[in-house]
Structures are given as structure tokens and as C-alpha cells.
Amino acid sequence: MSDFGRPPDSPDFEPSIPADPFGAPAGRAAVLCGVGGWVPPRVVTNEELASRLDTTDEWITTRTGIQRRHAVEPGQATSDLAVEAGRRALRSAGGPAPDTVLLATTTPDRPCPATAPLIATRLGLREAAAFDVSAVCTGLIYALATAAGLIATGVSRRVLVIGADVYSSIVDPDDRTNAIIFGDGAGAVVLRAGNPDEPGALDHFDLGSDGASEELIMVAAGGSRQWAESRPPTRGEQHFAMRGKEVYRHAVTRIAASARATLAAAGWKPGDVDYFVPHQANVRILHSVADDLGIERSRCASHLVDVGNTGAASIPLALAHAHTEGALKPGHRVVLTGFGGGLTWGSCVLRWPDIGQGEDPR
Ligand code: COA
């Protein structure tokens with residue numbers, strides 16, 4: 001008889017899976033040991049957008065803080081960006097090849113199959129476990145938590161976690177509200193098995209979601225819901241849609257609450273935080289959250305000025321940039337917080353490890 005459906009506290013309950021099926025040592029932590037990022041070379045400035053859309057550099061800068069973003073050339077897809085970022089993270093980490101590759105993305109190369117296996121193969125990681133994680137702009141945090149679980153249980157020993165998105169593929173180029181916000185890019189980290197008390201160990205994850213607000217950020221067409229409705233999609237339904245004002249309000253509240261929960265679990269006060277890396281959505285959101293938490297704005301990553309909102313890539317890209325610029329130093333107490341469609345949110349902390357000089361993502 002299957003154990004499913006039987007309450008675990010019933011007297012004859014015996015789990016069919018041993019408590020420690022992989023012989024994983026207690027306390028095995030996921031330790032960040034490499035970071036890298038890559039954005040496609042083509043820069044799209046606010047002026048360029050203003051030349052073809054009903055907007056201005058001044059409007060975009062004051063409402064979002066974004067001054068430029070990068071965009072793919074024809075022929076470039078998400079895996080192309082992810083492979084570049086992954087290669088840089090692997091170079092930064094050195095050491096043995098990862099046995100697992102996770103890709104956080106909203107814009108996979110195709111609806112099926114997942115994109116991670118292709119990336120693993122292109123990076124020479126033959127037969128690595130590989131799958132995609134879908135949590136929109138929180139994808140990287142969810143993927144880190146997944147990787148940490150795989151390492152803690154001994155399923156994986158070394159994991160390449162990539163966040164990559166080509167929002168150009170889903171944003172309507174004529175939609176002035178969204179076209180100004182998003183950019184294309186990829187960022188990656190390498191995690192190895194280690195001890196919870198060493199620098200780089202990821203800890204105190206806080207994850208959450210609210211599906212009642214799914215319509216706030218959505219690509220309505222292309223899935224089984226549209227198929228179930230038995231009608232062809234409208235042009236708008238095929239593109240990324242966002243209710244900006246409501247998303248703004250949720251983002252400010254959710255990012256602050258999640259960061260606060262993680263800080264409390266870690267026993268850190270806001271003043272202990274050397275570097276705060278919230279999802280790079282809008283500089284007004286970042287500053288408002290930093291002010292709310294009591295973290296100095298100067299300690300809050302604001303890489304979006306140069307790359308826009310790069311979706312699942314934004315947190316690792318901001319880390320790669322800060323690492324290369326020297327803003328992140330070994331021992332720094334770092335908080336990562338994501339927020340995105342779903343709605344989803346999540347956070348974790350780490351002390352920055354000594355991983356040598358990085359490469360500029362550009
Ligand atoms: N240029 C000029 N005007 C624009 C514009 C643009 N690119 N985009 C919208 N507008 C106009 C609107 O049409 C509206 O005009 P109206 O008053 O005549 O109706 C006006 O500007 C205000 O629009 P509104 O949507 O209220 O602006 P806003 O201050 O909320 O800023 C966002 C819009 C999208 C920048 C803002 O809501 C935002 O950043 N939201 C969060 C987005 C986000 O972080 N998403 C990522 C989540 S993972």
C-alpha cells in the first residue's frame with residue numbers, strides 16, 4: 001500500500017523513503033563560489049526610445065531611474081545570453097564542473113523542452129541534471145532555494161544557477177509603458193556544497209506567492225488556458241502586460257516584508273547590511289524599500305540605471321556588476337530579495353565570499 005494519503009502521525013506509518021536517502025551530512029550548505037553576468041552589446045538609450053515612442057528621457061528617468069538598457073540582436077535567444085553568463089561564472093568559480101544546471105527564466109528558448117539542458121550541453125556539462133525554474137522576476141531566488149535544497153540533500157554537489165531573460169521577445173515594442181522598463185541580460189552564480197558558517201553560504205530563505213494577483217503581470221496567450229478558451233489570442237494577449245501602479249504598490253510592500261523576515265531570521269539589523277540587492281525593478285521602488293527598512297540608499301544596488309529591469313537576470317547581474325566594481329568585498333553581509341509576477345517574492349542572506357576578480361558583464 002502506498003504511504004500517500006496516510007497521515008504521518010498514524011501508528012503504522014512508515015515512510016517509504018528513508019529519512020536520509022543520500023547519506024547527506026547534516027548542515028550541508030550551498031556556498032556561492034562564482035559569479036558572472038553578460039548583457040548583449042546593443043545599447044538602447046532613453047533618447048532612442050523617445051525617438052519612436054510617445055515618451056521622453058526625462059519621463060523615463062524620473063519615473064524609473066533607468067537611463068539605458070541592452071537588447072539582443074536578431075538571432076540571439078535566452079540560451080545565448082545564459083551560456084555567456086554561465087561561462088563567466090564557471091571561470092570565476094574554477095574547480096570541478098557542476099553536476100546540475102538551473103535556469104530561472106520567463107522567456108525560455110521554446111515552450112518545450114526546458115532551456116537548461118541545452119545550456120548545460122553548450123557549456124560542456126554533459127549529462128548534468130538540468131531544468132528551468134519559472135517564478136518570473138523572483139526566479140533567481142527560487143532557483144537558489146532549489147539548488148540549496150538539492151545540495152543539502154546530497155542530490156547535487158555543485159550547481160550552476162543562471163537567471164536569463166530576453167524581454168524583447170515578449171514586450172510589445174510599441175507599448176511605451178513596458179518597452180522603457182525592460183532590458184535583456186543574463187547573470188549566473190556557482191554554488192558548491194559547504195558549511196553553513198563559511199562565507200558564501202546561502203541562508204534564511206523566505207519564499208512566498210499570491211496567485212490571486214496573477215493578472216497584474218501576465219502574458220495571457222500561449223498556454224493551455226488560451227487553448228482551453230478555443231479562440232485565437234488578440235495581439236495584446238500575446239505580449240507582456242503589467243498593471244504598473246498596482247505592481248508598484250505590491251513590490252514596495254512585499255520586498256520590504258520579505259527582506260525584513262530574512263533579516264529577522266538571520267538576526268541581522270538593517271545597519272548590519274553592507275549590500276542590499278533587491279530585484280532591479282524601478283529605482284523609486286528600491287529607494288522606498290531601502291528607506292523603509294532603514295538601509296542607506298548607498299548600500300542598495302541600483303544597476304538598473306544601465307540595464308533596466310532584466311527579469312530573472314537582475315539579481316545575479318547586479319551581483320556580478322558590484323563584484324567587478326569592488327562594491328562587494330569579502331565578508332560583506334548581503335541580502336538578496338526578489339519580487340515578480342505570480343505574484344512571487346523571496347529573499348536570502350549570505351556573507352560575500354572571497355572569489356577573486358570578476359569580469360565586467362558588458
Ligand atoms: N512616457 C510618457 N508617459 C507615459 C509613459 C511613458 N513611457 N508610460 C505611461 N505614461 C503615461 C500614462 O499613460 C499616464 O498618462 P495619463 O495620466 O494621461 O493617463 C501617465 O503617464 C501616468 O501613468 P502611470 O502608469 O500612472 O505612471 P506611473 O507613475 O505609475 O509609472 C511605471 C509607470 C510602470 C513606471 C510604474 O507604475 C512602475 O514602475 N511600476 C512598477 C513596475 C515594475 O517594477 N515592474 C516590475 C515588477 S517585477
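Read the numbers this way: they start at 1 and go in the same order the structure lists the ligands and their atoms.
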**Message:** Would you call the rings of Phe240 and Phe182 parallel, tilted or perpendicular, taking 30° and 60° as the class edges?
**Reply:** perpendicular
**Asked** Are Asp206 and Thr262 close enough that a side-chain donor and a side-chain acceptor fall under 3.5 Å?
**Response** no
**Item:** Short side-chain donor-acceptor distance under 3.5 Å, Thr121 and Arg126
**Value:** no
**Prompt:** Run the side chain to side chain donor-acceptor pair (under 3.5 Å) check on Thr64 and Asn282 step by step: do they pass?
**Reply:** CA-CA 5 Å; Thr64 70; Asn282 176 322; 5.8 Å; no
**Request:** Give a yes or no on whether the ring-centroid distance for Trp345 and His279 is below 6.0 angstrom.
**Result:**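 Ring centroids of Trp345 and His279 are no less than 6.0 Å from each other.
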**Message:** So if I only count non-hydrogen atoms and take anything under 4.0 Å from ligand 1, which residues does that give, chain by chain?
**Reply:**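 For ligand 1, the residues that come within the 4.0 Å heavy-atom cutoff are Asp54, Thr55, Trp59, Arg63, Thr64, Cys137, Arg176, Thr177, Ile180, Ile181, Met242, Gly244, Lys245, Val247, Tyr248, His279, Ala281, Asn282, Ile285, Asn309, Phe339, Gly340.
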**Request:** Please check if Ile255 and Leu343 belong to a single hydrophobic cluster, counting links between Ile, Leu, Val, Met, Phe, Trp and Tyr side chain heavy atoms closer than 4.5 Å.
**Result:** yes
